[in-house]
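First comes the structure, then the notes that go with it.
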Amino acid sequence: QVQLVESGGGLVQAGGSLRLSCAASGRTFSACTMAWFRQAPGKDREFVARIFKSGSRPSYADSVKGRFTISRDDAKNAVDLQMNGLKPDDTGVYYCAACIVDSAANRYSYWGQGTQVTVSS
């Protein structure tokens, strides 16, 4: 059974930092693209960051470029998201996703349950 479990969310003041982690199990993900998405209250889920196999070609949403860093540890079957300079607009539920199916549609095979990030002003 494949599982993605996110952790590291919480409440932080604007300008602060959080590090999210996603622990994957049930199969090997080293050949998979891994990503983070988020969903703010009342809004659609949006892409945050993506990293290809072997840690190559990380990409980010314009809104988080220069503040967020995605990384992966294939030995641990894990992907992290370091978030610095947090803003209230970064508030939302953050989801880990694995194994891209359709990049244009942001379709992935596996999704986690999400972890809440709340940034106070």
Side-chain angles (χ1 to χ4, degrees):
Q1 181 182 358
V2 173
Q3 274 193 316
L4 302 179
V5 180
E6 302 95 337
S7 61
L11 173 64
V12 64
Q13 287 188 330
S17 299
L18 283 174
R19 188 176 183 88
L20 305 183
S21 294
C22 173
S25 61
R27 57 161 285 178
T28 300
F29 289 88
S30 59
C32 281
T33 297
M34 307 290 287
W36 287 93
F37 289 77
R38 68 187 181 189
Q39 186 167 19
K43 295 187 178 180
D44 292 335
R45 186 167 59 193
E46 65 175 1
F47 166 77
V48 174
R50 174 177 61 227
I51 189 166
F52 290 91
K53 63 181 181 180
S54 303
S56 64
R57 298 168 55 193
S59 60
Y60 301 90
D62 288 342
S63 58
V64 307
K65 276 181 185 175
R67 301 187 297 121
F68 291 12
T69 303
I70 189 172
S71 60
R72 63 189 296 162
D73 185 341
D74 290 333
K76 296 181 179 179
N77 240 12
V79 60
D80 289 352
L81 185 69
Q82 177 66 42
M83 305 187 296
N84 300 327
L86 283 162
K87 305 175 182 179
D89 284 349
D90 295 318
T91 293
V93 178
Y94 282 69
Y95 297 91
C96 175
C99 304
I100 195 166
V101 175
D102 183 336
S103 59
N106 280 325
R107 284 180 56 217
Y108 286 73
S109 294
Y110 309 105
W111 293 86
Q113 293 299 305
T115 185
Q116 177 70 45
V117 171
T118 303
V119 184
S120 63
S121 57

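Note that the coordinates shown come from a computational prediction; the quantities given were computed from them, not determined experimentally.
- V2 is connected to W36 through a chain of hydrophobic side-chain contacts under 4.5 Å among Ile, Leu, Val, Met, Phe, Trp and Tyr, so both are in one cluster.
- Here the OG atom belonging to S103 is positioned 6.5 Å from the CZ atom belonging to R50, to the nearest 0.5 angstrom.
- One hydrophobic cluster, built from ILVMFWY side chains closer than 4.5 Å, cannot hold both I51 and I100; they sit in different ones.
- Under the rule for a salt bridge (charged side-chain N to carboxylate O under 4.0 Å, His left out), the partners of D62 that lie at least two apart in sequence or sit in another chain are K65.
- Here the straight-line distance linking atom OG1 of T28 with atom CG of D74 works out to 9.0 Å at 0.5 Å rounding.
- Residue S21 holds its OG atom at 9.5 Å from CG of L81, rounded to the nearest 0.5 Å.
- Interatomic distance, L4 CG to M34 CE, rounded to the nearest 0.5 Å: 6.0 Å.
- No side-chain donor-acceptor contact under 3.5 Å links E6 to the backbone of T115.
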Please report the C-alpha distance between D80 and Q82 in whole Å, then the side-chain angles of each, then the deciding distance to 0.1 Å, and finally whether the side chain to side chain donor-acceptor pair (under 3.5 Å) criterion is met.
CA-CA 6 Å; D80 289 352; Q82 177 66 42; over 6 Å; no

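- Formation of a donor-acceptor pair under 3.5 Å by the N106 side chain with backbone atoms of E46 is not found in this model.
- Under 4.0 Å is where a charged nitrogen must lie from a carboxylate oxygen, and between R38 and D90 at least one such pair does.
- The backbone N or O of V101 lies less than 3.5 Å from no partner atom in the side chain of R107, so there is not a single donor-acceptor pair.
- If you chain together hydrophobic residues whose side chains sit under 4.5 Å apart, L20 and V119 fall into the same group.
- Listed by chain and residue number, F29 satisfy the ring-ring contact (aromatic ring centres under 6.0 Å, His included) test with Y110 (two or more places apart in sequence, or in another chain).
- The cluster map of Ile, Leu, Val, Met, Phe, Trp and Tyr, joined by side-chain heavy atoms under 4.5 Å apart, puts Y60 and V48 in the same cluster.
- Rounded to the nearest 0.5 angstrom, S17 OG and L86 CG are separated by 6.0 Å.
- With values rounded to the nearest 0.5 angstrom, D73 atom CG is found 11.5 Å from S30 atom OG.
- A donor-acceptor distance shorter than 3.5 angstrom exists from the side chain of R72 to the backbone of F52, with no hydrogens or angles considered.
- Aromatic ring pairs are classed by plane angle as parallel below 30°, tilted from 30° to 60° and perpendicular above 60°; the pair F68 and Y94 is tilted.
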